[in-house]
There are 2 protein chains.
Amino acid sequence: MLTRSEEDHIKAVYVLVQEGDKAFTKDLADRLRTKASSVTDMLKKLAEKGYLKHEPYYGAKLTAKGQALALQLVRKHRLWETFLVERLGFGWDEVHEVAEQLEHVASEQLINQLDAYLGHPAFDPHGDPIPDRNGRIRARRTRRLDVSVAGDTVRIVAVSETTDGLLRLLDAKGLRIGSTLAIQEVHAFDGSMDVKPKNGAAFSLSKDVSHHLQVESIQP
Amino acid sequence: MLTRSEEDHIKAVYVLVQEGDKAFTKDLADRLRTKASSVTDMLKKLAEKGYLKHEPYYGAKLTAKGQALALQLVRKHRLWETFLVERLGFGWDEVHEVAEQLEHVASEQLINQLDAYLGHPAFDPHGDPIPDRNGRIRARRTRRLDVSVAGDTVRIVAVSETTDGLLRLLDAKGLRIGSTLAIQEVHAFDGSMDVKPKNGAAFSLSKDVSHHLQVESIQP
DNA sequence: TACAAATATTAGACATGTCTAATAAATCGA
DNA sequence: TCGATTTATTAGACATGTCTAATATTTGTA
């Protein structure tokens, strides 16, 4: 049985490895709101327990065992987020903190029955894929909005960064999973782009925002 | 913010005070599967924090503050049990351990929206009353089955002890909340009683069992 | 009522996870 | 490529919650 802190560290390594290809001590410390020395201690311990490889000064990577565990945590997190939004009526920007707690409740039966209750959803309210009970993730051909070009028409399928600030900004602009955008112009100067939603006036999105939106192409 | 262990101790004091009028160190230790010395330490700490009064050698009692907290824990526990049984299809004898974990998830919004989602239930699947958000419990005129007499007809409204063993025994006999029993005979020798369910053959219940069943009288 | 048994507390050890400060290694820029 | 900066690790302290063993108190019974 792992502690909450151990699970949090494993999941943080998983998330950071998605982005770069290693998870570094400082990034882990920032994400976990702790200190680098504490992270080093924990990495050493988790390496001993076989959940990850820790190369001092060169970051950490999950083993197959750690990967499997991280996927279960991600699965639990996203299923709970789905439950909170779809059944309890939470806003999609209100669920993260609560799901963070719920994902540590240990019960195979609970999570599998929750999954069934929700109809085995493949994506959560942020558009992120939900691993199945074997840890498999359904693939989608998506890219970041900031690599799209003028003339594209796209549908938002995921938000890759879930800070409250970003989620509220999207909410304020009326953007959500499934929203359709026509890209009118991309400004090379700052990477900002002018976009027009299906039913509404055009507005501008900074690169900081478009960078975190996953989209798929659709017919205009 | 209290730790899980602190919350567990407060709830255990609450439960034991329901039965006797004080909670004693040894009983707390047994219930919490820990040692008496650990309980003493914790009682001292919780007394300092104002959740209970601890009279060394004479047990512990909750303060108003501790009582309020215990009632919130009971509320959360019973709402989650209701959710697990009514929505996720758990058996009523499978929910305790999971609810024990879920009750420590901290979010006012979560528990209030869960309450609304379930339709503000007043009783959980074991028939125990669910405190409302202010900690108020709806009263019922009930008594234990073992103080009933031959000739009574009663409905089971609660099971006061929730060990797996008892719950499974009840399940095997087809007894559940809402079951109706006609009491045919009570044996003074061992306190056992012969009872007959509405649609089924009569059988015997030992005092160990009938002691834990809360019933209300109904017209035969 | 006095002593044995049961229960409770205290003292001290230990495991865990966290931190700060000191030290070490890697990286970046002139 | 060298020194400054950033990042990482180690060493040691500390808080928390647990335990065992020793001691103290209460309770039950002859």
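Note on naming: letters A, B, ... go to the chains in the order of the sequence lines (proteins, then strands), and numbering restarts at 1 for each one.
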- Message: Nearest 0.5 angstrom please: A:T163 OG1 to A:H212 NE2, how far?
- Response: 7.0 Å
- Interatomic spacing from NZ in A:K65 to NZ in A:K49 - rounded to 0.5 Å: 8.5 Å
- Would you mind telling me which residue lines up with the more 5' stretch of DNA chain C, A:D41 or B:D27, judged by nearest nucleotide? B:D27
Between the protein and nucleotides 3-5 of chain C, which nitrogen or oxygen pairs come in under 3.5 angstrom?
none

What is the distance, rounded to the nearest whole Å, between atom [atom1] of [X] and atom [atom2] of [N]?
| X | N | atom1 | atom2 | result |
| --- | --- | --- | --- | --- |
| A:L46 | D:dT9 | CG | P | 13 Å |
| A:M42 | C:dT18 | CE | C1' | 9 Å |
| B:M1 | D:dT16 | CE | P | 15 Å |
| A:L43 | D:dT9 | CG | C1' | 11 Å |
| A:K44 | C:dT18 | NZ | C1' | 14 Å |
| A:D30 | D:dA8 | CG | P | 9 Å |
| B:E6 | D:dT18 | CD | C1' | 14 Å |
| B:K22 | C:dT7 | NZ | P | 17 Å |

- According to a strict under-4.0 Å criterion, is B:K35 in side-chain N/O contact with OP1 or OP2 of C:dA8? no
- Message: C:dA8, OP1 or OP2 - any side-chain N/O from B:H54 closer than 4.0 Å?
- Response: no
Quick one: does any side-chain atom of [X] pair with a main-chain N or O of [Y] as donor and acceptor, under 3.5 Å?
| X | Y | value |
| --- | --- | --- |
| A:R78 | A:P129 | yes |
| B:Q101 | A:A106 | yes |
| B:H211 | B:R144 | no |
| A:K76 | A:V105 | yes |
| B:R75 | B:G135 | no |
| A:S204 | A:D194 | no |

Name the pairs: protein N/O against N/O of nucleotides 21-25 of chain D, kept only if under 3.5 Å.
unit_1: D:dT25; atom_1: O4'; unit_2: B:Y57; atom_2: OH; d: 3.4

- Within 6.0 Å of NZ in B:K53, more than 12 heavy atoms from elsewhere: no
Got a list of protein N/O to nucleotides 3-6 of chain D N/O distances below 3.5 Å?
none

Between [options], which nucleotide gets closest to the side-chain atoms of [X]?
| X | options | result |
| --- | --- | --- |
| A:A36 | C:dT9, D:dT9, C:dT18 | D:dT9 |
| A:S38 | D:dT18, C:dA8, C:dC19 | C:dC19 |
| B:S5 | D:dA8, D:dT18, C:dT9 | D:dT18 |
| B:T40 | C:dT18, C:dA8, D:dC19 | C:dA8 |

- salt bridge (Lys or Arg N to Asp or Glu O under 4.0 Å) filter on B:D8, not counting sequence neighbours, yields B:R4
- Note on the structure: Residue pairs meeting side chain to side chain donor-acceptor pair (under 3.5 Å), one or both in residues 13-25 of chain A, sequence neighbours left out, come to none
- Item | Pairs meeting criterion side chain to side chain donor-acceptor pair (under 3.5 Å) with involvement of residues 128-138 of chain A, two or more places apart | none
